[in-house]
Structures are given as structure tokens and as C-alpha cells.
Amino acid sequence: AMRRMRALLNLGGVLFFDVNNRHNARADGWLPVLGRMVYDLAVPGNTRGDATYCWTLEERTINAKGHLFTPSEVACLLRQAGLQIKCRYSVNYDTGARHRFAFEGQLLYETRSR
């Protein structure tokens with residue numbers, strides 16, 4: 001999908017890519033995130049961030065699946081798609097604040113074609 005998005009970019013075009021951060025300590029707490037980070041290093045795997053969840057909208061429940069990414073997973077995916085990271089933002093979507101470190105919010109990438 002990312003390769004297809006890259007192919008749609010005009011010369012000098014920019015792609016913004018936003019993902020849920022598995023290592024977001026501001027949202028999930030430091031202790032659970034430190035545990036995930038240690039486990040991710042000790043037992044790496046592509047399915048570690050897979051999650052299932054339910055959304056309740058009005059009186060209807062929707063079962064869904066998704067993936068919580070690490071910064072290194074996203075960097076690898078972008079590289080494989082031929083995209084260069086121009087800037088990585090760590091954003092607290094509750095407040096709109098941007099933070100310096102990846103573990104302080106969700107991940108928003110500004111990329112361009114290599």
C-alpha cells in the first residue's frame with residue numbers, strides 16, 4: 001500500500017503517515033510500555049502489535065482488528081516502500097502537543113519519495 005501511495009506522489013510530493021504507537025507511554029503508562037519494549041527486544045515478531053478491539057457506536061458493537069506500530073517498524077516499512085522520513089512527530093492527540101521523544105505520543109511521519 002505504501003509503495004502505491006509513493007507512486008502517486010508528484011515530484012517533490014509529500015506523504016503524511018499516521019499510526020498508533022505501541023510504545024506510547026503518555027497514553028498507556030510507563031510500566032506497561034517498558035515491559036513491551038523489553039519483550040519486543042527479547043522476542044521480536046511482526047505480529048507483536050496486532051490487536052483486536054470493539055467499538056460501540058450508538059447501540060451497535062463493531063469488532064475490529066488493527067496493529068500498534070513501533071517507530072522502528074514504521075521506519076523499516078517506509079524504507080522498503082522507497083520513502084524517506086523528512087520528519088517524525090510524536091503527537092498527543094488529546095492536547096495537540098508535539099513531543100520530542102517517540103514514546104510521548106502517537107506517531108506522525110512526513111515523508112517524501114527517495
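In this chain, residues are counted from 1 in sequence order.
Residues Gly29 and Pro32 approach most closely at O-CD, 3.4 Å, considering heavy atoms. What you find for Ala81 and Met2 is that their closest heavy atoms are CB-CB, 3.6 Å.
By the 30° and 60° cut-offs, the orientation of the rings of Phe103 relative to Phe101 is parallel.
Side-chain contact check for Cys54 versus Ile62: every heavy-atom pair is 4.5 Å or farther apart. Side-chain contact check for Gln84 versus Arg79: every heavy-atom pair is 4.5 Å or farther apart.
Partners of Asp28 according to the salt bridge (charged side-chain N to carboxylate O under 4.0 Å, His left out) rule, which considers only residues two or more places apart in sequence or in another chain, are Arg36. For Arg26, the salt bridge (charged side-chain N to carboxylate O under 4.0 Å, His left out) partners at least two apart in sequence or on another chain are Glu104.
Tyr89 and Asp18 share no side-chain donor-acceptor pair at under 3.5 Å. Using modelled atom types and a 3.5 Å distance limit, the side chains of Asn20 and His67 yield no donor-acceptor pair.
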- Item | Verdict with supporting geometry, His99 and Asn92, side-chain contact (heavy atoms from CB on, under 4.5 Å) | CA-CA 8 Å; His99 298 281; Asn92 180 332; 3.8 Å; yes
- Given Asp40 and His23, is the side-chain contact (heavy atoms from CB on, under 4.5 Å) satisfied, shown in steps? CA-CA 10 Å; Asp40 286 345; His23 296 163; 2.7 Å; yes
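The distance from atom CD of Glu59 to atom CG of Leu57, rounded to the nearest 0.5 Å, is 11.5 Å. For the atom pair CZ of Phe17 and CZ of Arg88, the computed distance is 14.0 Å after rounding to the nearest 0.5 Å. If you take NZ on Lys65 and OH on Tyr53, they are separated by 11.0 Å, rounding to the nearest 0.5 Å. Here the straight-line distance linking atom CG of Leu68 with atom CG of Asp50 works out to 8.5 Å at 0.5 Å rounding. Between Ser72 atom OG and Arg22 atom CZ the span is 8.0 Å, to the nearest 0.5 Å.
A donor-acceptor contact shorter than 3.5 Å links the side chain of Gln106 to the backbone of Asn21. With hydrogens and angles ignored, the 3.5 Å screen pairs no side-chain donor or acceptor of Asn10 with any backbone N or O of Gly13. Between the side chain of Ser90 and the main chain of Gly105, a donor-acceptor pair closer than 3.5 Å is present. Using modelled atom types, one side-chain atom of Glu73 and one backbone atom of Thr70 make a donor-acceptor pair closer than 3.5 Å. For Thr111 (side chain) and Leu15 (main-chain N/O), a donor-acceptor pair under 3.5 Å exists by modelled atom type.
Taken together through direct or relayed side-chain contacts under 4.5 Å among Ile, Leu, Val, Met, Phe, Trp and Tyr, Ile85 and Leu9 form part of one hydrophobic cluster. Hydrophobic clustering places Tyr109 together with Leu77 (ILVMFWY residues linked when any side-chain heavy atoms are closer than 4.5 Å, directly or through intermediates). Connection of Val33 to Leu107 is not established within any shared hydrophobic cluster, with ILVMFWY side chains joined at heavy-atom distances below 4.5 Å, either directly or through further cluster members. Under a hydrophobic clustering in which Ile, Leu, Val, Met, Phe, Trp and Tyr are joined whenever their side-chain heavy atoms come within less than 4.5 Å, directly or via other members, Met5 and Phe69 fall into the same cluster.
At most 12 non-hydrogen atoms from other residues, nucleotides or ligands lie less than 6.0 angstrom from CG of Leu31.
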